[in-house]
Amino acid sequence: MKSFRSEIENPEVEQDILELEKKIRLYKEGKVDEERFRSLRLARGVYGQRQPGVQMIRIKLPYGKMTVRQLRRIAQVSDTYSTGKLHITTRQDLQIHYVSLDVTPQLWAELEKDEVTLREACGNTVRNVTGSPLAGVDPEEPFDITPYAHAFFSYFLRNPVCQEMGRKFKVSFSSSEADDGFSFMHDLGFIPKILDGERGFKIMIGGGLGAQPSPALVAYEFLPADQIIPFAEAVLRIFDRHGERNKRFKARFKFLLKQLGLEEIFRLIEAEKLALPYQSYPIDLALEASPTMPEAYKIPEVQVSDEVAYHRWRQTNVVTQKQAGFVAVQLKVPLGDFTTETARALADLVAQYAGDDIRLSINQGIVLRYVKPAALPYLYQEFKRLGLAEAGFGSTADITACPGTDTCNLAISNSTTISEVFEEIVQREYPELLDNQDLVIKISGCMNACGQHSIAAIGFHGSSLKIKDQVAPALQVLLGGGRIGNGQAAFAEKVIKIPSRRGPDALRILLNDYEAEAEDGEYFHAYFRRQGKAYFYQLLKPVVEAPLKPEEFIDWGKIEEFLPEIGVGECAGVVIDLVSTLLYETEEKLAWAREAIIKEAFADSIYHSYAAFVQGAKAMLVAEGINTNTQAGIIQDVDLLLTRKEELKLETNFASLVYQIKTQTPGPDFAKAYLHQAQTFYELLTSQRSTFKQA
């Protein structure tokens, strides 16, 4: 494979890409264990597809922001290395599919020419930081959260604290109390506040979706803005040390919070403060500046062909900005899918008629900002030509859906074709719902909630039904979810499982019932709870009772009979470790600690040394056949083991040695001493490896 050393200006990026290239080579030579290689490539945005031999590439776009140059670069990369298609995710990333593993280093190098990264888009890391797509232009916002979201992204990118956690960690920034960033379903969610003239945030902690959704708790009603990054780093250190690592479905932060309780989490946070590199981290507000605007331009005169459709679109898709004389245009992108040809045409329109600040939305759309109202008729015609002029952005007709069985290993049944069917039903039969931003529909291909079905008014996730000796594709129906605001939400409840082919019947029954029985102004989540789960079960029960016809054993978008084939999931699952691999990685971490000292990044060096201690200790325990599922447990169990192994004598007990990280202020003297101690421990391990039971 080609070396990219001459193509990359940023040395950290260069090292990342060369490391990926090297590990691909070692993996193909059989020198790197497959599970360990999976962990590395996931943290570099390279994700296995349902189809063998190809990868999905996830492009990390903090708070969904792109410039025109970046969008053009991504389109060029998709054309060169993929199929010329792009997919917007519910975390404001872009994905491209069907990419050969061998070309991923070159693909990444091409993206980095315009500062677009893959780093930590997947894996057991801090995932893409999401944010309101209207941040900076929202008339309701106390202040622009963009600089704060960007600072969070920048600070934790490549940060050693969050590279190999037990599970992924998700963060959001909402622009106002409307909470359009969904703080209630994140590990950390930030809602902007101003108290006595000072900027800060209400902080929600420990939320999550998945098979067991949990609402976030209030950590702070108000935390000054300069404290959010130190607080988050303390939380991540605790999660890294105490979080579950073996049982993948119990490894999210929400389970640690439930296990320990909020009071104990705060006690552990307090104990971490001395070790933090910053007690205060002021945020650079430069990103609050207005984006680059096109030079004076003449707007082409057009005659809108359908005035009714145009005014409907303008009513549902255009938002007046807080900046006088400008509007934001919200483009509905069905299923979040669009082509590179569309991307280039859109980039050209932005360059001529909008601010150079494109935002992807959490509901898989695109938001253009700083548009002059006079340009809307022309832009509408152009959007219509591109297939991006559907009315009803964020409404009942704007259905969120994950890719499902099209590409995902974990999906059970189709989530894309049925979404298109549902949207057509709403648009044709219930046009009044194009104004309804409460009654939202979300669909996932499985229970893991990438389509966010747990927070939908009407949610579905893929499943199956066994009928004698046949299996039919099915949908689990969940009802009553919704955003309430200021960190509060209602989570959808499972009601009934129905054959997938009868999804349209169920949808019509639910919409007709709501229209007929709901009180004036009653939101769907309130209506659901007033009527009760049993009411809706009885309402939908007739959908299930009729015998299935032969065609109902075929899933949407398919021609062959349904088989519930689930592949090996790659959502940052826990990996299987070998002693030799663990020791090799210990040596790597020691090397990173030395490099960080040279760069005078002393806090980073200290954490790399800490990770080397833990990784080496884990190698010892694995060799002895001792299974431990947290870093804290590893540290504890090594001390118990050392009491039995005379040849492995340390100056003090292992816990005291390792936990110096909590008792020392980060600085050059401690960083060097701690590295020396970690190096000595590693050398002792390797010299005595023959004494391990399974060496």
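Keep in mind that the numbers below use all heavy atoms, side chains included, and drop hydrogens, waters and symmetry copies. In this text the structure is predicted, and so the values were computed from the model without any measurement.
The ring pair (Phe, Tyr, Trp, His ring centres under 6.0 Å) test with Tyr353 singles out one residue from Tyr370, Phe383, Tyr378, and that residue is Tyr378.
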Task: From CA spacing to verdict: ring pair (Phe, Tyr, Trp, His ring centres under 6.0 Å), Phe528, Tyr523 - done: CA-CA 9 Å; Phe528 170 76; Tyr523 290 134; over 10 Å; no
Task: Residue pair Ile366, Leu346: steps toward the side-chain contact (heavy atoms from CB on, under 4.5 Å) verdict - done: CA-CA 10 Å; Ile366 300 173; Leu346 187 62; 3.7 Å; yes
TODO: Report the C-alpha separation of Asp138 and Ser175 in whole Å, then their side-chain angles, then the decisive distance to 0.1 Å, and conclude whether the side-chain hydrogen bond (donor to acceptor under 3.5 Å, both in side chains) test is met.
DONE: CA-CA 7 Å; Asp138 184 353; Ser175 64; 2.7 Å; yes
Task: Trace of the side-chain hydrogen bond (donor to acceptor under 3.5 Å, both in side chains) decision for His311 with Gln315 - done: CA-CA 6 Å; His311 286 294; Gln315 178 185 10; over 6 Å; no
Task: From CA spacing to verdict: side-chain hydrogen bond (donor to acceptor under 3.5 Å, both in side chains), Ser463, Lys497 - done: CA-CA 8 Å; Ser463 189; Lys497 188 188 291 186; 3.2 Å; yes
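Salt bridge present: Glu493 and Arg529 bring a charged side-chain N and a carboxylate O closer than 4.0 Å. Classification of Glu120 and Arg127 as a salt-bridged pair fails, no side-chain N sitting under 4.0 Å from a carboxylate O. Here Lys193 pairs with Glu177 in a salt bridge; the nearest charged N to carboxylate O distance falls below 4.0 Å. Using a cutoff of 4.0 Å between basic side-chain nitrogens and carboxylate oxygens, Glu552 and Lys549 are not scored as salt-bridged. Looking at Asp144 and Lys322, no side-chain N of the basic residue comes within less than 4.0 Å of a carboxylate O on the acidic one, giving no salt bridge. One finds no salt bridge joining Asp356 and Arg369 here, because no Lys/Arg side-chain nitrogen approaches an Asp/Glu carboxylate oxygen to under 4.0 Å. Under the 4.0 Å criterion applied to side-chain N and carboxylate O atoms, Lys170 and Asp187 are not assigned as salt-bridge partners.
Between Tyr380 and Trp313, the ring planes lie tilted relative to each other; the angle falls in the 30° to 60° range. Ring-plane geometry between Phe152 and Phe173 is classed as perpendicular, the angle between the planes exceeding 60 degrees on a 0 to 90 degree scale with a lower cut at 30. In this pair, Phe491 and Phe184 present their aromatic rings perpendicular. The plane angle is above 60°, beyond the 30 to 60° band.
Arg69 CZ: 12 or fewer foreign heavy atoms inside a 6.0 Å radius. Summarising the local packing, CD of Glu341 is surrounded by 12 or fewer heavy atoms from other residues, nucleotides or ligands at distances under 6.0 Å. Lys533 NZ: more than 12 foreign heavy atoms inside a 6.0 Å radius. Around the CD atom of Gln303, the shell of radius 6.0 Å holds no more than 12 heavy atoms that belong to other residues, nucleotides or ligands.
Taking both residues in full, the closest heavy atoms of Ala490 and Ile484 are given as N-CD1, 4.0 Å, listed atom of the first, atom of the second, then distance. Among all heavy-atom pairs drawn from Ile418 and Asn414, the shortest one is N-OD1, 3.3 Å. When all heavy atoms of Gln330 and Thr316 are compared, the closest pair comes out as NE2-O, 4.2 Å. Across all their heavy atoms, Leu335 and Glu420 have their closest contact at CD1-OE2, 3.6 Å.
Figure legend: cation-pi geometry between Lys60 and Phe153 absent, as NZ or CZ is not positioned both under 6.0 Å from the six-membered ring centre and within 45° of its axis. The cationic group of Arg58 lies under 6.0 Å from the six-membered ring centre of Tyr47 and within 45° of the ring axis, placing it in a cation-pi geometry.
Under the 6.0 Å cut-off for aromatic ring centres, Phe536 and Tyr527 qualify, their centroids lying closer than that.
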